[in-house]
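These notes concern the structure reproduced below.
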2 protein chains.
Amino acid sequence: MLHEEVVSRLRGMLLEGEIPPGARIPERELCAALQISRTPLREALKVLAADGLVVLLPNRGSRAAKLTGHDVRNLFEVCQGLEALAGELACKRISDEQLAEISAAHAAMVKHQRRGDLTQYYRCNRTIHEAIVRAADNPILSVLYESVTSRIRRARYVTPMVPERWSLALREHEGILNALLRRDGSGLAHILRAHLRHKLEEVTHAGFAEDSEAMGSDNAKS
Amino acid sequence: MLHEEVVSRLRGMLLEGEIPPGARIPERELCAALQISRTPLREALKVLAADGLVVLLPNRGSRAAKLTGHDVRNLFEVCQGLEALAGELACKRISDEQLAEISAAHAAMVKHQRRGDLTQYYRCNRTIHEAIVRAADNPILSVLYESVTSRIRRARYVTPMVPERWSLALREHEGILNALLRRDGSGLAHILRAHLRHKLEEVTHAGFAEDSEAMGSDNAKS
DNA sequence: TACCTCATTTTTGCATTCAAAAAACGGGCA
DNA sequence: TGCCCGTTTTTTGAATGCAAAAATGAGGTA
């Protein structure tokens, strides 16, 4: 197994909660599970630690990182900055095909909202946001965006929404699409920032902001 | 030597050009130089590779990353987004002490500009930008900012400036300070974006954007 | 000379090993 | 019983060893 594969496999386990936040990371077992020795596993752990998904305690092993309310706030703030930037750049660089894709995803999203299908709604939603970042055509931005959003994905795309919030979000998305069509970079940036600010409010309100991803089992001794 | 120390030591070598961009990284020699074995060195290399400072070629070792003109553009763009965000947040959160520090640094910078001391000017300049990020009080942002800026630091803080550009930069900095004093977040964000956009133009104009940090020796076989 | 081939050396990536640190256990004592 | 201290076991972090891959270089051929 390649180094990058080990990293992404582990990242997946951490993000999916397969290794719950705060839990001790059992090197031995993981080695057995992934069929690798400790050396490459530990290399991957250091990489993930640098990315904030794992915390290394000197001489005491590593644990899956646990997000605090502050972390969630900070991540959402950075996400706002990155999406706003992506929006600005996307307006300059987006192709007609990419725009068509986003329009289609938007239409599908509206449909799912009408039917009350939150899961499918979120899927389209995410497609749109990711497409905007892709349209910005900046690999550095893409990597940072992926790193930041992956850590708040569950909070962002699992939080339930009350009807008013949901329709507000939809109106914001109308604005996003319009701004894109008009290639109005600063307008789009503005809407995206507000959109994410509102999302953070929802997430916070839903109680995700406290130990966000730590919901469910919590094997850590603080 | 601690893991983090190895990483930051190596990062320093790469950023300072002690290991020139594109150069092969000699594991053996570095182990000897740092007095460590290959295992911790390789762990550090993977971390730096994830950060973009090193490229790993499977079965062919690692090399110091070489920035292309596109990389420089992309990094500056992301930097714009991050500084704009930092400005917004700083206006909400900056303390009077922090504001005083920035004012002092600004005054010193003006003095150095009058005397034509570019090095000292840049030192104060960097202090100001970093202080704004610190005032934003968002560790996630700080880490990303450090990662992005460290990679373009040499381009940013070494490029010579023609007098008109220099005085424009200074006027922009007056605007930055004023916006901070007025706690005008969006105004500050706007100025910072323009400031960095202009900086990128200077850097590009100075030819830094092509193999930016590859100036000097270039031991790589492309 | 230019180029191809194949043996030799070096380097890489990973498994294993080893010393030191931390945790777990258990006996002694109040 | 509850707690402290010394011992054993486990786990961690790093060095070493080893097989496979790549680079090097010498010799042969056109």
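Quick note: numbers below take in every heavy atom, side chains included, and nothing from hydrogens, waters or symmetry partners. The chains referred to below are lettered A, B, ... by the order of the sequence lines, with proteins before strands, and numbering in each begins at 1.
Atom CD of B/Glu43 is separated from atom C1' of C/dC14 by 13 Å (rounded to the nearest Å). One interatomic measurement links the two molecules: CZ of A/Arg60 to P of D/dG13, which rounds to 11 Å at whole-angstrom precision. Between the CZ atom of A/Arg42 and the C1' atom of D/dT12 there is a distance of 6 Å, given to the nearest Å. Atom-to-atom, CG of A/Leu56 to C1' of D/dA14 comes out at 15 Å; the value is rounded to the nearest Å. The distance between atom CE of B/Met1 and atom P of D/dA14, rounded to the nearest whole Å, is 10 Å. For the pair A/Glu5 CD and C/dG13 C1', the interatomic distance rounds to 15 Å; values are reported in whole Å. Residue A/Glu4 contributes atom CD, which lies 15 Å from atom C1' of C/dG13 at whole-angstrom precision. Taking atom CD of residue B/Glu27 and atom P of nucleotide D/dA15, one finds them 13 Å apart after rounding to whole Å.
Summary of the strand contacts: A/Arg38 and B/Pro58 both lie near DNA chain C, and taking for each the nucleotide with the nearest heavy atom, the more 5' one is attributed to B/Pro58.
Classified by interplanar angle (parallel below 30°, tilted 30° to 60°, perpendicular above 60°), the ring pair B/His195/B/His129 is parallel.
Looking at the side chain of A/Arg28, the nearest of the listed nucleotides D/dG13, D/dT11, C/dT12 is D/dT11. With distances taken from any side-chain atom of A/Pro40 to the nucleotides D/dA15, C/dA15, D/dT12, the minimum falls on C/dA15. Nearest to the side-chain atoms of A/Asn59 among the listed nucleotides D/dA14, C/dT12, C/dA21 stands C/dA21.
The structure places CD of A/Glu43 at 6.5 Å from NE2 of A/His3, a figure rounded to the nearest 0.5 Å. The structure places CZ of A/Arg153 at 3.5 Å from CZ of A/Arg126, a figure rounded to the nearest 0.5 Å.
Within the 4.0 angstrom heavy-atom criterion, only backbone atoms of the sugar-phosphate kind lie near A/Leu57; the bases stay farther away.
One finds no side-chain N or O of B/Arg24 lying less than 4.0 angstrom from the OP1 or OP2 phosphate oxygen of C/dT10.
Within the 3.5 Å criterion, the main-chain N or O of A/Asn74 finds a donor-acceptor partner in the side chain of B/Asn138.
Side-chain polar atoms of B/Glu130 and B/Tyr145 form no donor-acceptor pair below 3.5 angstrom.
No donor-acceptor contact under 3.5 Å links the side chain of B/Ser37 to the base of D/dA14.
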